[in-house]
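What follows is a set of notes on a single structure, which appears directly below.
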Amino acid sequence: MAKIKSLSDAKNKGEWSEAYVFLKLLALGEIYAADKNLDRIPSVKYPLKQILRLIKTKEIAYVRDSLEIRVIDDTGTVLLNIPVSDFEDESNFLFDTIKIATGTFEVPRTKKYLNSINIDQITEPNEKPDITIVLHDIHTGLNPTVGFSIKSYVGSAPTLVNASQQTNFIFCIKGAISHFDVSEINGMTKINDKKGKPLKKPKPEIKERIKAIFDKGFDLEYCGMEGEIYHSNLTMVDSHMPEILAELLKLYYSGKGTNVSDLVDILTLSNPLKYNVLAKHPFYEHKIKNFLYDSALGMVPKTPWHGFYAANGGYIAVKDDGEVLAYHIYDKNIFLEYLYNNTKLDTHSTTREKFGDIYMDGSDYFIKLNLSVRFN
């Protein structure tokens, strides 16, 4: 079992948002579905029966009735009866705190309240979904237990694929590049910030470097990934997924676009993998949507992924105004459209992830480009 984080540790907005969703859903007793633009669908909502939490080694149920929440342990013993109004008050307080906070922070009042209702951790262990809910299924009339992933839009847009050295793609520079060219390109750095103030340490101008490589008549040929696990995970999604993402990275870092959908449009026209497009099959769009979907519901770069969705219920979003909406697994097509039209590639820390410099290995020159996907 993954190590459980102490409730006394400071958390970021996303982590505190998981506690907010727990409190808010028990206060509301239902969750509305979201459309492709992350707006509420008034006609589609899912009544909430209970939320399950793993407390140390025991599963505790927070069962919602009309006026109170009953806390029941795994033997069926009722531990607490709490007014629903308490959850409304506590969720509102926590959201107001998250809204104005920065960085990582503690919320003593929320920590104390969670402890009082038998919760000793803010987030679930890593191998668990962010929240496990018993919903009333409007399609079947049953009450299944399903897990959801939670993403918070409070403050800044969340990430879908977190950057790390595991997400570095390796490219061989094709062409007779000289030592002088390498020195010139690696020397392209940013010395001032956006306000014109000098930086303490110059930062690589990655997009300028990639543009210079192409302008000088050289090309980039994908030749592998730094993270073997992530490479295998991507191959689980599609046998050509590493190559497709490598082509997207080339477009992004050469300044051709930022939004995933725009980059895929360019890729579709150039068709670098030479798919048979006589029947106008949307090969690249379909495959990238599946990549985004799998990333949203369980696939991460550092952990072997075997096709199992930890978040088998879907995806819960916390909007900037505090509204909580869901993309249920039944609404897969809507969710795919939302992911596809609301994500972009991003540039992370070149120092931390160790990418962006041309380097020599044997007699060839290489450069690493990093994959990071963020919501718009």
Side-chain angles (χ1 to χ4, degrees), residues 34-38 149 151 153 157-163 166-171 206-207 210-211 213-214 219-225 227 230-231 233-301 305 307 315 317 327 331-348 355 367-376:
D35 65 15
K36 65 180 183 180
N37 298 314
L38 195 56
S149 172
K151 288 293 185 182
Y153 294 75
T159 57
L160 182 65
V161 177
N162 292 319
Q166 295 289 316
T167 66
N168 281 340
F169 286 65
I170 304 170
F171 298 84
I206 306 301
K207 291 186 178 181
I210 300 305
K211 185 176 182 299
I213 289 172
F214 288 124
D219 199 2
L220 297 179
E221 181 179 278
Y222 167 73
C223 60
M225 292 182 62
Y230 196 38
H231 179 274
N233 289 350
L234 293 176
T235 306
M236 280 282 291
V237 179
D238 186 276
S239 60
H240 291 148
M241 188 52 61
E243 289 79 8
I244 292 172
L245 290 174
E247 294 296 332
L248 279 189
L249 287 173
K250 286 168 62 175
L251 292 172
Y252 167 67
Y253 282 106
S254 59
K256 295 297 194 306
T258 298
N259 293 333
V260 168
S261 59
D262 294 338
L263 294 171
V264 172
D265 285 344
I266 299 172
L267 207 59
T268 299
L269 291 174
S270 62
N271 191 18
L273 274 70
K274 307 302 180 185
Y275 290 123
N276 183 342
V277 294
L278 291 177
K280 298 184 179 180
H281 287 90
F283 289 105
Y284 297 98
E285 178 179 333
H286 176 74
K287 293 170 187 291
I288 288 296
K289 282 180 176 178
N290 286 337
F291 157 70
L292 297 172
Y293 183 83
D294 290 345
S295 298
L297 298 185
M299 183 181 68
V300 295
W305 186 66
Y315 180 100
Y327 288 103
D331 304 317
K332 180 176 180 180
N333 288 334
I334 294 175
F335 189 34
L336 286 171
E337 287 301 312
Y338 170 70
L339 292 172
Y340 185 67
N341 291 303
N342 291 278
T343 49
K344 63 181 180 180
L345 298 193
D346 194 20
T347 303
H348 210 249
F355 73 98
I367 189 168
K368 297 176 183 178
L369 299 179
N370 184 261
L371 175 69
S372 175
V373 183
R374 180 179 292 277
F375 287 91
N376 293 338

Does any non-hydrogen side-chain atom of [Y] lie less than 4.5 Å from one of [X]?
X      : Y      : answer
Leu245 : Leu234 : yes
Pro301 : Asn162 : no
Leu220 : Tyr253 : no
Thr343 : Val161 : no
Ile206 : Phe355 : yes
Asn233 : Asp294 : no
Tyr327 : Leu339 : no
Lys256 : Leu267 : no

- Any idea how Phe335 and Tyr315 line up, ring-wise: parallel (<30°), tilted (30 to 60°), or perpendicular (>60°)?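 It falls in the tilted class, 30° to 60°.
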
Least distance between heavy atoms, [X] atom then [Y] atom:
X      : Y      : result
Arg374 : Pro158 : CG-O, 3.3 Å
Ala163 : Ser372 : CB-CB, 3.8 Å
Glu243 : Ser239 : OE1-O, 3.8 Å
Asp238 : Pro242 : O-CD, 4.0 Å

- Take Tyr222 and Lys250, measure what side-chain contact (heavy atoms from CB on, under 4.5 Å) needs, and give me the verdict at the end. CA-CA 9 Å; Tyr222 167 73; Lys250 286 168 62 175; over 6 Å; no

How long is the straight-line distance from [atom2] of [Y] back to [atom1] of [X], given to the nearest 0.5 Å?
X      : Y      : atom1 : atom2 : result
Asn37  : Ile334 : CG    : CD1   : 10.5 Å
Leu336 : Lys332 : CG    : NZ    : 6.0 Å
Glu337 : Leu292 : CD    : CG    : 11.0 Å
Phe169 : Ile367 : CZ    : CD1   : 14.5 Å
Trp305 : Tyr230 : CH2   : OH    : 10.5 Å
Gln166 : His231 : CD    : NE2   : 12.5 Å

- Does a sphere of radius 6.0 Å around NZ in Lys151 hold more than 12 heavy atoms from other residues, nucleotides or ligands, not counting ones at 6.0 Å or beyond?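 Atom NZ in Lys151 is crowded, with more than 12 foreign heavy atoms closer than 6.0 Å.
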
- Message: Does atom NZ (Lys36) have a neighbourhood of more than 12 heavy atoms from anything else shown, all under 6.0 Å?
- Response: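 Check fails, neighbour count at 12 or below.
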
- Any sub-3.5 Å donor-acceptor pair from Thr167's side-chain atoms to Leu371's backbone N or O? yes

- Does the Asp219 side chain pair with the main chain of Glu221, one donor and one acceptor, at a distance under 3.5 Å? no

- For Tyr252, the option from Asp346, Asp262, Thr258, Thr347 that meets side-chain hydrogen bond (donor to acceptor under 3.5 Å, both in side chains):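 Answer to the side-chain hydrogen bond (donor to acceptor under 3.5 Å, both in side chains) test with Tyr252 among Asp346, Asp262, Thr258, Thr347: Thr347.
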
- Please walk me through it: do Phe283 and His240 pass side-chain contact (heavy atoms from CB on, under 4.5 Å)? CA-CA 11 Å; Phe283 289 105; His240 291 148; over 6 Å; no

- Query: Of Phe291, Tyr340, Tyr275, which meets ring-ring contact (aromatic ring centres under 6.0 Å, His included) against Tyr284?
  - Reply: Tyr275

- Can you list the steps and then say if Ile288 with Leu248 is a side-chain contact (heavy atoms from CB on, under 4.5 Å)? CA-CA 10 Å; Ile288 288 296; Leu248 279 189; 3.7 Å; yes

